[in-house]
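Following: one structure in structure tokens, then a few remarks.
Any value given below was found using the heavy atoms of this structure, including those in side chains, with hydrogens, waters and symmetry copies removed.
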Amino acid sequence: MTNTNQLNIGSAKIDLKSRYLFGTRKKVPLNNKEFVLLEYFIRNGGKVLSRTEILEDVWDRNIFCNTNTVDVHISKIRKKFTKIRKKSPIKTVHSVGYIFE
């Protein structure tokens, strides 16, 4: 039986109700934008996503902000992943954007 309130990320999982990232022994809270961004990556796993595409899909399409905003939020998510496992599944695709593996 699968839990519809969770998304699995290898040995980790994200709880859609509590907005926590879980490892085998730890749970790490995600702030609202980190949660939305991580859920977006999980649902688009294996697809290369440009910074502009991420901004348009995760942030308001009418907002003007620097693509560095995406980099900062991804850096925070990566740090949270290292608290529960060795590596983050979010990889940089040079000169393009990111991919969730």
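Cluster membership for Val96 and Tyr98, using ILVMFWY side-chain heavy atoms within less than 4.5 angstrom, is not shared. Under a hydrophobic-cluster definition in which Ile, Leu, Val, Met, Phe, Trp and Tyr are linked whenever side-chain heavy atoms come within less than 4.5 Å, directly or via other members, Val28 and Ile90 are assigned to the same cluster. The same ILVMFWY cluster, assembled from side-chain heavy atoms under 4.5 Å apart, contains both Leu21 and Ile42.
Pairs engaging residues 82-92 under the side-chain hydrogen bond (donor to acceptor under 3.5 Å, both in side chains) rule: Arg78-Thr92 [sequence neighbours left out].
Residue Leu55 holds its CG atom at 6.5 Å from OG1 of Thr69, rounded to the nearest 0.5 Å. Note that CD1 of Ile77 and CZ of Phe41 are 7.0 Å apart. Values are rounded to the nearest 0.5 Å. Atoms NZ and CG, from Lys33 and Leu38 in turn, are 13.5 Å apart once rounded to the nearest 0.5 Å. Ile14 CD1 to Tyr20 OH: the interatomic distance, rounded to the nearest 0.5 Å, is 12.5 Å. With values rounded to the nearest 0.5 angstrom, Lys27 atom NZ is found 13.0 Å from Ile84 atom CD1. Taking NE2 from His73 and CG from Leu37, the interatomic distance works out to 7.5 Å, rounded to the nearest 0.5 Å.
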Practice item. Check the pair Leu16 / Phe35 against side chain to side chain contact (heavy atoms under 4.5 Å, CB included), numbers first and verdict last. Key: CA-CA 8 Å; Leu16 301 175; Phe35 171 80; 3.9 Å; yes
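Within the 4.5 Å cutoff, the side chain of Ile54 has heavy atoms near those of the Trp59 side chain. By the 4.5 Å heavy-atom criterion applied to side chains, Asn44 and Asp57 are not counted as neighbours. For the pair Tyr40/Leu49, a side-chain contact is recorded, criterion being any heavy-atom separation below 4.5 Å from C-beta on.
Legend: residues meeting salt bridge (charged side-chain N to carboxylate O under 4.0 Å, His left out) with Lys76, ordered by chain and number and at least two apart, are absent.
Ile9 approaches Pro89 most closely through the heavy-atom pair CG2-CG, 3.8 Å.
The backbone N or O of Ser18 sits less than 3.5 Å from a side-chain atom of Asp15, completing a donor-acceptor pair.
No side-chain donor from either of Asn68 and Arg51 sits under 3.5 Å from a side-chain acceptor of the other.
Taking a 6.0 Å sphere around NZ of Lys13, one finds it holds 12 or fewer heavy atoms contributed by other residues, nucleotides or ligands.
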